[in-house]
Amino acid sequence: MIGITLALLSAAASGFSVVIVGRHSKKTNAFNMSVLISAVGLVILWPLAIVLTDFGAINFEGIALFALGGLLTPGLVRLFYYDGLKKLGTSVNSSIFSVYPLYTALLAVLFLSEILTPQNLIGVISIAIGVIFVELNFRQATNGGQKSVIRSLIYPVLGGVTLSVSAIMRKAALDIFNAPVLGVAVAYACSFLLYAVMLAFSKPTRKELFLRQDLRLFWIAGVGQALSWIFSFYALSLEEVSVITPLLSIEPLFVVLFAYVYLRELERVPIKLVASIILTVFGVILVTT
């Protein structure tokens, strides 16, 4: 029960962070947002990791898995997610991204010879219908002005696939070395290393880096994401991936709730979109139960 509660808290904290990012996303680019949110997380996470980790029981195989998972998530995933957010808006991007438990289930069928039950198949159909409705509602909400919707959907889809792979790595790492806060700190550090490499080899990216200017806009989102990751790692350490993943994927419901409160003047959240998101989340739960 504690793991389930932590997963729900993680989804809520992440949803709040996404809405804060969405409120200011037009003022900067996805890379700057990713770097800032990761930097804020590092400042919070490493002192906690030093205090809460039993370094006498350290396991380097577990740390290596934490590190590799960190390159994928939050490293690459954060870039995909915030690119999608800028192009699709908070609600639509979050709803498409939340399908990632489906990718995990399909990967299990392909590589682990697992079988989808009739209940799972109903979930797959619900997800597909929900995603289609999300896209149609988005077109309607923008009066057809967004001609590159299909192209833009690649960002949350790639983010979801990457996250589903890294979630398996995180669980394996926690089974080997049960140090959730250290795991998050290592993942954040490796994602930040990825951004540093990108900065070193991309002069245009360096020119567009305005961290001091953007820090005041995104530090709260950085705190929210750090808390979300701590909650999710502890949840994974207590429960199975198949239990925690669908609970984390209900983030869009919190995004819609917070968007209605904080983004009312910037982003309309039609009731049809809310219904589509609920249908998608329902399908995710059926697939992963």
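All residue numbers in this chain count up from 1 along the given sequence.
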Notebook entry, point to check: Do Leu72 and Val77 have side-chain heavy atoms sitting under 4.5 Å apart?
Noted result: no
Checklist line | Thr73: partners by side-chain hydrogen bond (donor to acceptor under 3.5 Å, both in side chains), with sequence neighbours left out | finding: Ser166
Item checked: ILVMFWY network linking Val184 to Ile50, side-chain heavy atoms under 4.5 angstrom -> no
Item checked: Step-by-step ring-ring contact (aromatic ring centres under 6.0 Å, His included) determination, Tyr155 to Phe80 -> CA-CA 5 Å; Tyr155 294 106; Phe80 290 142; 7.1 Å; no
Notebook entry, point to check: What residues, two or more places apart in sequence or in another chain, satisfy side-chain hydrogen bond (donor to acceptor under 3.5 Å, both in side chains) together with Ser237?
Noted result: none
Notebook entry, point to check: Can you tell me if Thr162 uses its side chain to pair, donor with acceptor, with the backbone of Leu158 under 3.5 Å?
Noted result: yes
Check: Taking the side chain from Lys86 and the backbone from Thr28, do they hold a donor-acceptor pair closer than 3.5 Å?
Finding: yes
Next item on the list: Calculate, to the nearest 0.5 Å, the distance between atoms OG and CG belonging to Ser191 and Leu76 respectively.
Entry: 9.5 Å
Checklist line | Distance in Å, Asp214 CG paired with Lys27 NZ, rounded so as to fall on 0.5 Å steps | finding: 10.0 Å
Check: Can you tell me if Ser17 uses its side chain to pair, donor with acceptor, with the backbone of Gly224 under 3.5 Å?
Finding: no
Checklist line | Those residues that, when tested against Tyr81, pass side-chain hydrogen bond (donor to acceptor under 3.5 Å, both in side chains) (two or more places apart) | finding: Glu251
Note to self: Using ring centroids (six-membered ring only for Trp), state whether Tyr234 and Phe231 fall under 6.0 Å.
What the structure shows: no
Next item on the list: Classify the angle between the aromatic ring planes of Tyr195 and Phe31 as parallel (below 30°), tilted (30 to 60°) or perpendicular (above 60°).
Entry: perpendicular
Check: With sequence neighbours left out, what residues match Lys171 under salt bridge (Lys or Arg N to Asp or Glu O under 4.0 Å)?
Finding: Asp175
Next item on the list: Step by step, work out the side chain to side chain contact (heavy atoms under 4.5 Å, CB included) result for Leu45 and Trp229.
Entry: CA-CA 10 Å; Leu45 292 167; Trp229 274 71; 5.8 Å; no
Checklist line | Residue list, side-chain hydrogen bond (donor to acceptor under 3.5 Å, both in side chains) with Tyr188, at least two apart or on another chain | finding: Arg78
Next item on the list: Give a yes or no on whether the backbone of Val35 and the side-chain of Ser38 come within a donor-acceptor separation of less than 3.5 Å.
Entry: no
Check: Would you say the side chain of Leu48 lies within less than 4.5 Å of the side chain of Leu182, judging by non-hydrogen atoms?
Finding: no
Note to self: Using side-chain heavy atoms (C-beta onward) and a distance below 4.5 Å, is Tyr103 in contact with Val157?
What the structure shows: yes
Check: Taking the inter-plane angle between the rings of Phe66 and Phe177 on a 0 to 90° scale, is it parallel (under 30°), tilted (30 to 60°) or perpendicular (over 60°)?
Finding: tilted
Next item on the list: Can you measure from CD1 (Ile168) to OG (Ser164) and round to the nearest 0.5 angstrom?
Entry: 6.5 Å
Notebook entry, point to check: Do Val18 and Phe254 have side-chain heavy atoms sitting under 4.5 Å apart?
Noted result: no
Margin query: For residues 196-211, which residue pairs pass the salt bridge (charged side-chain N to carboxylate O under 4.0 Å, His left out) check, not counting sequence neighbours?
Written below: none
